[in-house]
Amino acid sequence: MSKRTKILDLLQTAPGSDYTVMGWVRTFRNNQFIALNDGSCLANLQAVVDFENFDPSLLKRITTGAALKITGTLIPSQGKGQSVELKANAIEILGDCDVEVYPLQPKRHSLEFLREIAHLRFRTNTFSAVFRIRHALSYAIHKFFNDRGFVNIHSPIVTGSDAEGAGEMFQVTTLDLNNPPKNEDGSINFKKDFFGKATNLTVSGQLEAELAALALSEVYTFGPTFRAENSNTTRHLAEFWMIEPEVAFNDLDDNMDLAEDMLKYLIQYVMDHCEEDLSFLEQRLAEEEKQKPQQERSEMSLKEKLAFCLEHPFERLTYTEAIDILKNSTPNKKGKFQYPIEKWGADLQSEHERYLVEKHFKKPVILTNYPKEIKAFYMRLDDDGTTVRAMDVLFPGIGEIIGGSQREERYDVLLGRMKEMHIPAEEMSWFLDTRKFGTVPHAGFGLGFERLVLFVTGMTNIRDVIPFPRFPGNAEF
RNA sequence: GCCUCCUUAGCUCAGUCGGUUAGAGCGACGGACUGUUAAUCCGCAGGUCCCAGGUUCAAGUCCUGGAGGGGGCGCCA
């Protein structure tokens, strides 16, 4: 292959020289204008064909979806849509594309349809924009933590611990499911399994991150996470990516500061580096909003929404304060909530979270100090003995984007909480060891990566921000 | 897991009270045009009305079951 110039670079190059580009045809207009895209940016390169100088049988093969190599001279464009264009001197068909059977047409497609052809949807404007932004966010996460001296920890994906309590787990085994080795009592003998014990896919890297934090001080994980929950929503996946920072010597306030700084940094990064893709998605969203009834339309455009998040501090309040607001809220008094707020202690439903974020405060909200009964065993017990130092960061349209806490660092209190919640302490001795040997206050949280991508791109279904979504009943591709 | 809606041409959808030969836009194809921006204009083809039963003189339309998909709720990130 001769030297290739990326379309992203070519569009910023002064005209005059010859270049070779390779990419896929979006449209071929007027037997003259090829809109070529190579994914390096949203914009297409316009290649101009003098059709009298090319074999008609070659021109017939320039169809939507075909892969081309075009060599030509970069010239100022006579048309209005672009400043430069490539005057084609040579065209080579790298791969034909039979439009009779190629599912992508030069027209608008529904997200539902594209989801069924996820192997081809990268070739659309919307999905190429989403996945470029997804990449930018991934890179920015590493940059944010690296710049602050955090150490990236690769926590295990196969775990022997089944006591994390973060959700249903997928089993990992090499045993013959049709004829597994049995113990005398008829149960399966996992000693004969690959790892010599029952193993699962991880539901969280947090416990391992805590071990590292209690030596390296500032760490984070960024890896795949698996939950075998039968969740059927636009916000849940069975396989998703999670970022879990864990910081020694941090309390809950430090933890909230870190979460807010991080989210603002990431949003700012995308606004600074993904202007073209963001503008496209903003326009796409605006067109989608037009289809909705006036009442349901959002007041802000995508970029306004992102800027708004940057400009205002997140609202921080305790669970108890939130209950008071909800109890006295108009929808609660008028019986509009499906689950009315009656007494302190109840878990908040998503309708309540949405009211706080979207109606009452109209900005991101951090809820803290939840009743201990509705939170995990490892969260630090408050002095009153009834609440724990938990924090949930709630975003408009997404709900919970971050869940975290200051961790219980006191050995006796942690052990007591584990017993209360029926966590088998014997199997968790390695975790308890950290509280036995030089324990310190520490805190951390989990950020759902796809939920962040959802928010930043303005997409509405989490299955559209991961290349090949896994959810109940579906593991295609 | 629960609730709800949908499934008609390649895609998006219309199809009245159950009644003749099931329609439109876009896309594809053929032609015209040749500085176009999802080009335009003219023409043409394209249907297992999701599947299996049932009711009826007659079912895309009604009923039962199944499959696939969307949305909401719960679980949570």
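Within every chain, numbering begins at 1; the chains are lettered A, B, ... in the order of the sequence lines, protein sequences first and strands thereafter.
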Taking the six-membered ring of A:Phe471 as reference, does the NZ or CZ atom of A:Arg463 fall below 6.0 Å from its centre and within a 45° cone about the axis?
yes

[atom1] gap between [N] and [M], integer Å:
N     : M     : atom1 : value
B:C11 : B:G27 : C1'   : 7 Å
B:A22 : B:C41 : C1'   : 28 Å
B:U61 : B:U55 : C1'   : 14 Å
B:A77 : B:G66 : C1'   : 35 Å
B:G60 : B:G23 : C1'   : 12 Å
B:U36 : B:C51 : P     : 46 Å
B:U40 : B:U21 : P     : 36 Å
B:C76 : B:U8  : C1'   : 39 Å

Under 3.5 Å, side chain of A:Ser40 to main-chain N/O of A:Leu8, donor-acceptor pair present?
yes

Could you spell out the base pairing of RNA chain B in dot-bracket, with Watson-Crick or G-U pairs whose two distances are under 3.5 Å, [ ] crossing and | to another strand?
(((((((..((((.....[...))))..((((.......))))......(((((..]....))))))))))))....

Applying ring-ring contact (aromatic ring centres under 6.0 Å, His included) to A:Tyr370 and not counting sequence neighbours gives A:Tyr319

A:His154: what forms a ring-ring contact (aromatic ring centres under 6.0 Å, His included) with it, not counting sequence neighbours?
none

For each nucleotide in nucleotides 26-35 of chain B, reading 5' to 3', give B when a protein heavy atom comes within less than 4.0 Å of its base, S when such contact involves only the sugar-phosphate, and - otherwise.
BSSSS--BBB

Treating primed atoms plus P, OP1 and OP2 as sugar-phosphate and everything else as base, which nucleotides of nucleotides 2-8 of chain B get B, S or - for protein heavy atoms under 4.0 Å?
-------

Taken in chain and number order and not counting sequence neighbours, the residues that satisfy salt bridge (charged side-chain N to carboxylate O under 4.0 Å, His left out) with A:Glu288 are A:Arg284

Does [X] make a side-chain N or O approach to OP1 or OP2 of [N] shorter than 4.0 Å?
X        : N     : answer
A:Ser350 : B:C73 : yes
A:Arg451 : B:C76 : no
A:Arg115 : B:G68 : no
A:Arg235 : B:C75 : no
A:Ser231 : B:G1  : no

Distance-only side-chain donor-acceptor flag, A:Arg134 / A:Ser138, under 3.5 Å
no

For a quick check under 3.5 Å, do A:Ser279 and A:Gln283 share a side-chain donor-acceptor pair by atom type?
no

Polar atom pairs (N or O), protein with nucleotides 50-52 of chain B, under 3.5 Å:
none

Could you list by number each residue of residues 120-132 of chain A showing a heavy-atom separation from RNA chain B of less than 4.0 Å, or answer none if no residue does?
none

Considering only residues two or more places apart or on different chains, which pairs with a residue in [range] satisfy salt bridge (charged side-chain N to carboxylate O under 4.0 Å, His left out)?
range                       : value
residues 467-477 of chain A : none
residues 31-60 of chain A   : A:Arg4-A:Asp38
residues 336-358 of chain A : none
residues 392-405 of chain A : A:Lys375-A:Asp392

For the rings on A:Phe468 and A:His119, is their centre-to-centre separation under 6.0 Å?
no

Counting the benzene-type ring for Trp, do A:Phe145 and A:Tyr265 have ring centres under 6.0 Å apart?
no

Counting distance alone, no hydrogens or angles: does the base of B:C76 have a donor or acceptor under 3.5 Å from a partner atom on the side chain of A:His236?
yes

Spell out yes or no: do the side chain of A:Arg227 and the base of B:A77 have one donor N/O and one acceptor N/O closer than 3.5 Å?
yes

So among A:Val172, A:Leu201, A:Asn200, which one has a side-chain contact (heavy atoms from CB on, under 4.5 Å) with A:Phe226?
A:Leu201

Quick one, A:Asp254 and A:Val247 - any side-chain contact, counting heavy atoms below 4.5 Å?
no

Would A:Phe449 count as stacking on B:A77 if stacking means ring centres less than 5.5 angstrom apart and planes tilted under 30 degrees?
no

